[in-house]
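By convention in this document, chain letters (A, B, ...) are assigned in the order of the sequence lines, proteins followed by strands, and residues within each chain are numbered from 1.
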Amino acid sequence: QQQNCNIPAKIGSSRHPPKWRPPHSLQEKAREGGVGEQIIKTFEPAAVPSEKQADARMIFRVNAQPYVLKQTHQRGSKIQKSWHKSSRNVSKQTPASVTYKPPKNHSLSHQWAKIVEPKAKARYPTETLTSDLRIKDSGKLSTDEKMQMLEKAGQAKALVLTMVYQDGTTQLGQEQKLTPPVCGLLVLMMNDLDGRTPEDSLQPNDSLVYLKLEHTPTWAQQHTHQSQELFTRDMLLQVLSCSQLVVCYKAKDFLRTALQFYKEDLKWKQVIGCNIQDPQVSAWLLDPVYTFSCYKELLCKHYKQPTSSSALDTKKVSQVISGLSSLYWLNMELCSKLQSQGLWQLYSGMEVNMIPVLAAMESHHIHVDKAALQRTSDLLGMKMKQLEQEAHQAAGQIFLVTSNTQLRTILFEKLRLHEQCEKKKLPKTINKQQQSTSEAALLQLQDFHPLPKIILEYRQVHKIKSTFVDGILSCMMSKVSPQLVSGFITAKRIPKMQNFQALPRQPLQITKKQFIQGKEEEVVTVHPRAMFIPQKGWTFLAADFCQVELRLLAHLSSDPELLRIFTNPQADVFTMLASKWKGMSDEEVSPEDREHAKRVVYSVVYGAGRERLSGILGVSADQAGQFQDRFLQTYREVPAFIQRTIQLCHKQGYVLSIMGRRRTLPNINSPDWSVRMQAERQAVNFMVQGSAADLCKMAMIRIFHIVSSTPSLSARLIAQLHDELLYEVEDSQVDRFAALVKSTMESLQHMDHLGVHLKVPLKVALSSGKSWGSMSELHVCPASPCASC
DNA sequence: GCGTATAACGCATGT
DNA sequence: CACATGCGTTAT
């Protein structure tokens with residue numbers, strides 16, 4: 001209680017908050033940590049804001065004591081600067097982090113590497129592992145032995161493999177925050193699967209081989225090295241091209257690494273053939289809600305505990321072996337569980353095929369217009385400076401614009417804006433009952449004071465700069481893989497790359513003011529998506545499932561009216577919806593009405609309440625309620641479907657998407673009303689969005705299959721944005737590939753082998769462009785001859 | 001007392 | 001209102 005109440009009270013009681021009071025009458029001596037050198041600067045209080053605008057927020061932490069600018073590395077090698085109280089003896093400390101030097105002329109300077117795996121340097125396990133007689137080190141094998149091993153790999157009944165990191169741990173070890181570089185692979189070839197028990201960790205017929213994943217520098221490519229690299233490559237090819245079972249935990253990471261490592265010899269199309277299974281995926285399929293932090297946890301949950309005493313993350317060889325062995329049995333166990341729960345078809349028909357698709361996607365690079373990026377970064381920085389100054393002026397004091405707490409005290413305790421508009425309700429923060437400084441609140445306040453408007457604009461600019469522009473810049477600068485691959489597959493989405501999905505769709509208008517004599521204003525538009533460009537001679541092609549969610553709702557609810565709307569492939573669906581229920585003709589529907597219709601529909605799908613809807617729509621709650629009722633009455637089957645879903649979920653505790661993906665909702669029968677309602681909304685939501693994700697995944701797989709089996713096609717998947725697939729296509733193939741994509745995606749309406757028959761046609765919109773920001777619609781003539789379809 | 005890591009929070013973006 | 005990610009501040 002003290003902690004929660006103390007701080008605001010304390011700040012409120014003193015006129016100037018203690019920590020960030022402006023330095024009125026003091027000179028600040030501060031040391032600026034530069035690149036490998038130290039500069040002592042003395043700031044005049046008045047000059048502080050204007051002079052050091054580039055990193056304006058550093059200044060405001062200056063207090064009565066000297067504060068030191070410090071650079072720390074976070075998220076890759078992105079530099080974070082902040083002021084810290086300095087010790088009295090300023091000169092003595094020299095933090096190691098100051099000696100950061102940006103890499104010069106790095107080979108990735110013009111590319112944004114999605115995956116950057118630094119080359120392996122240390123050769124940890126060879127000593128340890130090969131001292132164990134059971135392991136064959138690929139470096140020490142004779143040519144004959146290598147041939148034998150290859151043959152063995154071809155004959156083995158099952159292959160179990162894991163990546164080995166430089167610090168000696170494997171993928172089966174403890175999850176690490178910063179995954180060390182990969183230095184090799186450990187492959188266990190199992191024979192004679194019949195009649196063996198999980199207890200036998202290794203049998204005489206089994207072979208264990210360690211493949212070093214390391215490129216020999218060209219100047220040292222002696223005969224032996226070369227042959228060893230070739231052997232590793234052949235082994236990988238064997239693993240990936242054969243039809244035998246391959247088990248690997250986090251198989252996607254493995255495939256990606258392999259592709260990235262042998263990008264000369266191992267073409268991305270080749271990974272399609274592999275029959276790889278991943279316990280992580282199967283476990284996730286069994287229960288998407290529960291997430292495992294590491295392999296060990298997964299093992300305990302789904303297999304058995306006795307191994308809990310032996311830590312898997314140790315570097316003991318015998319334990320690594322038993323880990324591999326347990327991996328195999330865990331996979332078997334999970335497979336049978338999948339089968340008994342009716343999820344096998346989904347697993348084998350879809351999820352397993354997703355692994356290579358994603359690996360191929362993630363091992364590809366996207367080109368970035370670096371010059372434009374830098375330009376934008378500078379521009380945004382200027383704008384931020386300016387806005388910050390305005391904000392300080394409006395507030396009458398210097399404060400940290402990015403800090404919500406400081407903003408809160410200014411808005412509500414110094415300016416007391418909330419007293420001026422008591423009629424309107426101001427939102428509170430969720431966890432603590434404090435005044436919110438969110439967008440909604442600031443919008444309410446902007447009539448009373450100029451500050452909120454400035455803050456809003458500042459936030460917009462700041463968001464774009466910090467997250468997108470600088471984020472990408474730092475990705476390019478650093479060799480460290482900046483957590484580009486996040487976690488694993490979730491119910492609705494497929495793993496993503498960093499911030500692709502959150503890149504603003506609309507360009508941002510910025511007025512750049514220049515104080516050269518008379519005021520000169522220059523309007524510049526910044527479009528973050530335009531930074532991404534295809535390779536030379538290639539074009540981006542985006543394929544978007546039009547209104548999948550609504551179409552799926554129509555299918556699931558079987559509402560006759562809704563179905564009828566979709567039978568007309570030409571008309572705009574939302575326009576028709578709006579005209580239908582507002583009682584006017586199609587031509588009369590304004591874009592505004594259309595937008596309203598869209599909002600209403602999706603709000604209903606998501607189960608939004610009246611108040612929420614009114615907030616989004618910007619109309620009164622009653623009106624919003626009317627809209628909602630009207631919609632529900634027009635399409636009577638929709639609410640019926642929602643009720644059906646909820647009831648079914650109450651009964652069995654889970655819901656199934658169209659392809660049989662399961663979502664368990666433990667809270668569905670909770671006594672707590674709000675918790676239960678939330679679960680019910682989740683159930684309905686999952687039915688629609690989960691099914692949409694299924695369709696999208698299927699589309700990715702099918703297109704990948706077609707492309708990889710057609711040598712003349714070279715289109716590559718770049719990114720997946722929910723309902724949209726982004727491909728990079730050679731200019732000459734655009735039309736052909738576009739037609740192929742469209743027909744493939746629309747053919748997903750009927751998938752006989754999976755028992756899916758949608759009652760609505762699927763519509764796909766195509767667009768293409770030379771940058772992601774400027775995509776224009778592309779119409780494919782259906783009559784055009786298409787060789788592959 | 002100083003410096004570093006981490007969790008929690010608040011706000012933003014996308015579909 | 002569902003889901004997701006990411007950044008920056010603040011408290012511990």
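Listed nucleotides C:dC3, B:dT15, B:dC11 differ in distance to A:Arg459; the shortest reach to its side chain belongs to B:dC11. The A:Ser466 side chain lies nearest to C:dC7 when the options are C:dT10, C:dC7, C:dA2. With C:dG8, B:dC11, C:dA2 as the choices, the nucleotide that has an atom nearest any side-chain atom of A:His462 turns out to be C:dG8. With C:dC7, B:dC11, B:dA12 as the candidates, the nucleotide lying closest to the side chain of A:Lys463 is B:dA12. Checking B:dA12, C:dT9, B:dT13 against the side-chain heavy atoms of A:Pro504 singles out B:dT13 as nearest. Closest to the side chain of A:Thr405, from the set C:dA2, C:dG8, C:dT9, is C:dT9. For A:Ser438, taking side-chain heavy atoms from C-beta onward, the closest of the listed nucleotides B:dT15, C:dT9, B:dC11 is B:dC11. When distances run from any side-chain atom of A:Arg529 to the nucleotides B:dG14, C:dT10, C:dA2, the shortest one goes to B:dG14.
The ring-ring contact (aromatic ring centres under 6.0 Å, His included) search around A:Phe631 returns A:Tyr635, not counting sequence neighbours. Checked against salt bridge (Lys or Arg N to Asp or Glu O under 4.0 Å), A:Glu457 has the following partners two or more places apart in sequence or in another chain: A:Lys383. For A:Arg644, the salt bridge (Lys or Arg N to Asp or Glu O under 4.0 Å) test picks out no residue, with sequence neighbours left out. Annotation: ring-ring contact (aromatic ring centres under 6.0 Å, His included) contacts of A:Phe545 (sequence neighbours excluded): none. Evaluation of the salt bridge (Lys or Arg N to Asp or Glu O under 4.0 Å) rule for A:Arg594 yields A:Asp572 as partners, not counting sequence neighbours.
Protein atom CZ of A:Arg505 is 21 Å distant from nucleotide atom P of B:dA12, rounded to whole Å. Taking atom CZ on A:Arg551 and atom C1' on B:dT15, their separation rounds to 17 Å, with Å as the unit. Atom OH of A:Tyr458 and atom P of B:dA12 are 13 Å apart (whole Å). The CD atom of A:Glu457 sits 16 Å away from the C1' atom of B:dA12 (whole-angstrom rounding). Summarising the geometry, the separation between CD on A:Glu680 and P on C:dA2 is reported as 12 Å, rounded to the nearest angstrom. Going from atom CD of A:Glu549 over to atom C1' of C:dA4 covers 13 Å, rounded to whole Å. Counting to the nearest Å, the P atom of C:dG8 and the CD atom of A:Glu388 are 13 Å from each other. Atoms CD1 (A:Ile464) and C1' (C:dG6) sit 14 Å apart, rounded to a whole Å.
A:Glu724 comes within 4.0 angstrom of no nucleic acid atom, judged by non-hydrogen atoms across all strands. Heavy atoms of A:Ser603 sit nowhere under 4.0 angstrom from any nucleic acid atom. Within the 4.0 angstrom heavy-atom criterion, only backbone atoms of the sugar-phosphate kind lie near A:Glu439; the bases stay farther away.
Considering only side-chain N and O atoms, A:Gln406 lies under 4.0 angstrom from the phosphate OP1 or OP2 of C:dT10. For B:dG10, one of the phosphate oxygens OP1 or OP2 lies less than 4.0 angstrom from a side-chain nitrogen or oxygen of A:Thr429. The phosphate of C:dT9 (OP1 or OP2) has a side-chain N or O of A:Thr402 nearer than 4.0 angstrom. Between A:Gln682 and C:dC3 there is a side-chain N or O to OP1 or OP2 distance below 4.0 Å. Contact annotation: A:Thr437 reaches the phosphate of B:dC11 (side-chain N/O to OP1 or OP2, under 4.0 Å).
Base-pairing analysis of DNA chain B finds the following stems of at least three consecutive Watson-Crick or G-U pairs, with both pairing distances under 3.5 Å: B:5-15 with C:2-12.
Taking CD from A:Gln547 and CG from A:Asp723, the interatomic distance works out to 10.0 Å, rounded to the nearest 0.5 Å. The structure places CE of A:Met384 at 7.0 Å from OG of A:Ser466, a figure rounded to the nearest 0.5 Å. Atom CE of A:Met354 and atom CE of A:Met361 lie 7.5 Å apart (nearest 0.5 Å).
Within the 4.5 Å cutoff, no side-chain heavy atoms of A:Met745 are placed close to those of A:Met698.
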